[in-house]
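Okay, structure first, notes after.
Side chains included, hydrogens not; waters and symmetry mates left out as well; all remaining heavy atoms used.
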Amino acid sequence: QVQLVESGGGLVQAGGSLRLSCAASGRSFSTYTMAWFRQAPGKEREFVAAITWSGDHIYYADSVKGRFTISRDDAENTVYLQMNSLKPEDTAVYSCAADLDPPAITTTDYDYWGQGTQVTVSS
(Lines give C-alpha, C1' and ligand atoms only; values in the text may rest on other atoms or scores of the structure.)
Protein backbone atom coordinates (compact mmCIF):
# COMPACT_ATOMS: atom_id res chain seq x y z
CA GLN A 1 0.00 0.00 0.00
CA VAL A 2 2.83 2.41 0.86
CA GLN A 3 4.72 3.42 -2.27
CA LEU A 4 7.34 5.96 -3.35
CA VAL A 5 7.66 6.62 -7.09
CA GLU A 6 10.50 8.67 -8.59
CA SER A 7 10.35 10.51 -11.90
CA GLY A 8 12.27 13.17 -13.83
CA GLY A 9 15.45 11.31 -14.67
CA GLY A 10 16.99 11.31 -18.12
CA LEU A 11 19.99 12.14 -20.27
CA VAL A 12 21.56 15.57 -19.98
CA GLN A 13 24.83 17.18 -21.05
CA ALA A 14 27.38 18.30 -18.47
CA GLY A 15 26.41 21.67 -17.03
CA GLY A 16 22.71 21.03 -17.54
CA SER A 17 19.88 20.62 -15.04
CA LEU A 18 17.26 18.07 -14.05
CA ARG A 19 14.47 18.07 -11.48
CA LEU A 20 13.59 14.78 -9.82
CA SER A 21 10.27 14.15 -8.10
CA CYS A 22 9.26 11.51 -5.57
CA ALA A 23 5.53 11.03 -5.10
CA ALA A 24 4.35 9.15 -2.01
CA SER A 25 1.09 7.25 -1.66
CA GLY A 26 -0.61 5.06 0.92
CA ARG A 27 -0.15 7.42 3.85
CA SER A 28 0.87 10.95 4.70
CA PHE A 29 4.64 11.49 4.86
CA SER A 30 4.44 15.00 6.26
CA THR A 31 6.15 13.97 9.52
CA TYR A 32 8.79 11.75 7.86
CA THR A 33 12.36 12.53 7.00
CA MET A 34 12.73 12.30 3.21
CA ALA A 35 16.03 11.67 1.48
CA TRP A 36 17.69 11.07 -1.87
CA PHE A 37 20.39 8.46 -2.45
CA ARG A 38 22.23 7.44 -5.60
CA GLN A 39 24.11 4.39 -6.83
CA ALA A 40 26.40 4.09 -9.83
CA PRO A 41 27.27 0.70 -11.37
CA GLY A 42 29.85 -1.12 -9.27
CA LYS A 43 29.66 1.42 -6.45
CA GLU A 44 27.91 1.53 -3.09
CA ARG A 45 24.74 3.51 -2.61
CA GLU A 46 25.58 6.96 -1.29
CA PHE A 47 23.69 9.71 0.45
CA VAL A 48 22.80 12.80 -1.59
CA ALA A 49 20.37 15.00 0.38
CA ALA A 50 17.72 14.87 3.09
CA ILE A 51 14.98 17.07 4.50
CA THR A 52 13.30 16.58 7.87
CA TRP A 53 9.75 17.10 9.12
CA SER A 54 8.31 20.43 7.94
CA GLY A 55 11.61 21.20 6.20
CA ASP A 56 13.20 22.42 9.42
CA HIS A 57 16.58 20.79 8.70
CA ILE A 58 18.29 20.09 5.38
CA TYR A 59 21.43 18.04 4.72
CA TYR A 60 23.61 17.64 1.62
CA ALA A 61 26.55 15.49 0.66
CA ASP A 62 29.69 17.56 0.12
CA SER A 63 29.82 16.42 -3.50
CA VAL A 64 26.49 18.11 -4.36
CA LYS A 65 26.46 21.07 -1.99
CA GLY A 66 25.80 24.30 -3.87
CA ARG A 67 24.51 22.47 -6.95
CA PHE A 68 21.53 20.41 -5.71
CA THR A 69 18.47 21.60 -3.77
CA ILE A 70 16.04 19.35 -1.91
CA SER A 71 12.51 20.53 -1.11
CA ARG A 72 9.14 19.07 -0.16
CA ASP A 73 5.47 19.79 -0.71
CA ASP A 74 3.64 18.05 2.12
CA ALA A 75 0.21 19.01 0.75
CA GLU A 76 1.04 16.96 -2.36
CA ASN A 77 3.09 14.35 -0.47
CA THR A 78 6.04 14.94 -2.78
CA VAL A 79 9.76 15.59 -2.37
CA TYR A 80 11.94 17.15 -5.09
CA LEU A 81 15.60 17.27 -5.99
CA GLN A 82 16.66 20.15 -8.24
CA MET A 83 20.02 19.30 -9.80
CA ASN A 84 22.03 22.07 -11.47
CA SER A 85 25.54 22.19 -12.95
CA LEU A 86 25.47 18.45 -13.48
CA LYS A 87 28.74 16.57 -13.90
CA PRO A 88 29.44 13.17 -15.49
CA GLU A 89 30.23 11.81 -12.01
CA ASP A 90 26.60 12.52 -11.05
CA THR A 91 25.52 9.67 -13.34
CA ALA A 92 23.65 7.11 -11.23
CA VAL A 93 20.29 5.64 -10.34
CA TYR A 94 18.66 8.07 -7.93
CA SER A 95 16.25 6.72 -5.29
CA CYS A 96 14.10 8.47 -2.75
CA ALA A 97 13.62 7.17 0.78
CA ALA A 98 11.44 7.94 3.79
CA ASP A 99 11.61 7.19 7.50
CA LEU A 100 9.69 8.41 10.53
CA ASP A 101 12.81 8.38 12.71
CA PRO A 102 15.98 7.32 10.88
CA PRO A 103 18.87 6.28 13.17
CA ALA A 104 21.18 8.58 11.20
CA ILE A 105 20.13 10.98 8.46
CA THR A 106 22.88 10.09 5.99
CA THR A 107 22.77 6.30 6.35
CA THR A 108 20.84 3.93 4.07
CA ASP A 109 18.72 2.52 6.93
CA TYR A 110 15.41 4.05 5.87
CA ASP A 111 12.05 2.26 6.10
CA TYR A 112 10.65 3.01 2.63
CA TRP A 113 12.31 3.17 -0.78
CA GLY A 114 11.31 3.94 -4.34
CA GLN A 115 12.42 1.99 -7.42
CA GLY A 116 14.81 4.67 -8.64
CA THR A 117 15.20 6.83 -11.74
CA GLN A 118 18.23 6.88 -14.04
CA VAL A 119 20.24 10.08 -14.42
CA THR A 120 22.93 10.10 -17.11
CA VAL A 121 25.23 13.08 -17.62
CA SER A 122 27.33 13.13 -20.79
CA SER A 123 30.60 15.00 -21.27
Side-chain angles (χ1 to χ4, degrees):
Q1 185 179 359
V2 175
Q3 189 174 23
L4 304 177
V5 180
E6 303 95 336
S7 62
L11 175 64
V12 65
Q13 203 167 101
S17 298
L18 286 173
R19 188 197 192 204
L20 306 183
S21 299
C22 176
S25 62
R27 69 177 65 184
S28 173
F29 283 86
S30 62
T31 61
Y32 283 64
T33 295
M34 306 292 293
W36 288 95
F37 293 81
R38 66 187 183 186
Q39 187 170 25
K43 297 185 65 178
E44 293 184 350
R45 178 169 290 165
E46 65 174 342
F47 170 80
V48 176
I51 184 167
T52 58
W53 181 14
S54 300
D56 54 342
H57 292 89
I58 295 176
Y59 306 84
Y60 295 103
D62 289 341
S63 59
V64 306
K65 197 170 299 180
R67 299 188 298 121
F68 292 10
T69 302
I70 188 171
S71 61
R72 66 192 299 165
D73 184 343
D74 289 329
E76 298 297 325
N77 227 17
T78 302
V79 63
Y80 304 96
L81 185 69
Q82 178 67 46
M83 305 185 294
N84 298 325
S85 302
L86 283 163
K87 306 174 181 179
E89 52 262 45
D90 294 319
T91 296
V93 173
Y94 285 71
S95 301
C96 67
D99 202 301
L100 183 62
D101 187 21
I105 297 295
T106 61
T107 69
T108 59
D109 193 18
Y110 280 66
D111 287 341
Y112 303 102
W113 291 84
Q115 294 296 309
T117 185
Q118 177 70 47
V119 172
T120 302
V121 184
S122 62
S123 60

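- Between T117 and L20 the shortest side-chain heavy-atom distance falls below 4.5 Å.
- Residues V64 and I58 are members of one and the same hydrophobic cluster, defined by side-chain heavy-atom contacts under 4.5 angstrom among Ile, Leu, Val, Met, Phe, Trp and Tyr.
- At least one donor-acceptor pair under 3.5 Å links the side chain of E6 to the backbone N or O of G116.
- Between the N77 side chain and the A24 main chain, a donor and an acceptor come within less than 3.5 Å of each other.
- Distance check, rounded to the nearest 0.5 Å: OG of S21 to CD of E76 gives 11.0 Å.
- You'll find the side chain of T108 stays beyond 4.5 Å of the side chain of F47, heavy atoms only.
- The main-chain N or O of D73 is never found under 3.5 Å from a side-chain atom of T78 such that the two would form a donor-acceptor pair.
- One finds the CE atom of M34 at 6.0 Å from the CZ atom of F29 (value rounded to the nearest 0.5 Å).
- Although no hydrogens or angles enter the test, the distance criterion places a donor-acceptor pair under 3.5 Å between the side chain of R72 and the main chain of T52.
- When all heavy atoms of S123 and A14 are compared, the closest pair comes out as CA-CB, 4.4 Å.
- Between Q115 and S95, every side-chain heavy-atom pair lies at or beyond the 4.5 Å cut-off.
- Although no hydrogens or angles enter the test, the distance criterion places no donor-acceptor pair under 3.5 Å between the side chain of Y94 and the main chain of L81.
- Legend: residues meeting side chain to side chain donor-acceptor pair (under 3.5 Å) with D62, ordered by chain and number and at least two apart, are K65.
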Please determine whether side chain to side chain contact (heavy atoms under 4.5 Å, CB included) holds for the pair V79 and I70, giving the CA-CA distance in whole Å, both sets of side-chain angles, and the decisive distance to 0.1 Å. CA-CA 7 Å; V79 63; I70 188 171; 3.9 Å; yes
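- When the options V48, T69, I51 are evaluated for a side chain to side chain contact (heavy atoms under 4.5 Å, CB included) with Y60, the one that passes is T69.
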Could you give me the CA-CA distance, side-chain angles and deciding distance for T120 and V12, then say whether side chain to side chain contact (heavy atoms under 4.5 Å, CB included) is met? CA-CA 6 Å; T120 302; V12 65; over 6 Å; no
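- Both L4 and L100 sit in one connected hydrophobic cluster of ILVMFWY residues. Membership requires side-chain heavy atoms under 4.5 Å apart, directly or through other members.
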For W113 and R45, run side chain to side chain contact (heavy atoms under 4.5 Å, CB included): C-alpha distance rounded to whole Å, both residues' side-chain angles, the deciding distance at 0.1 Å, then the answer. CA-CA 13 Å; W113 291 84; R45 178 169 290 165; 3.7 Å; yes
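- Contacts of Y80 classified as ring pair (Phe, Tyr, Trp, His ring centres under 6.0 Å), with partners at least two apart in sequence or in another chain: none.
- Within the 6.0 Å centre-distance limit, the rings of F37 and Y110 are counted as a close aromatic pair.
- Taken from CG in D99 to CG in D109, the straight-line distance is 7.0 Å, to the nearest 0.5 Å.
- Residues V119 and L18 are in side-chain contact: their nearest non-hydrogen atoms beyond the backbone lie under 4.5 Å apart.
- Sorted by first then second residue, the salt bridge (Lys or Arg N to Asp or Glu O under 4.0 Å) pairs that include residues 79-92, not counting sequence neighbours, are R38-D90, R67-D90.
- Taking the six-membered ring where the residue is Trp, Y32 and Y112 present tilted rings, their angle falling between 30° and 60°.
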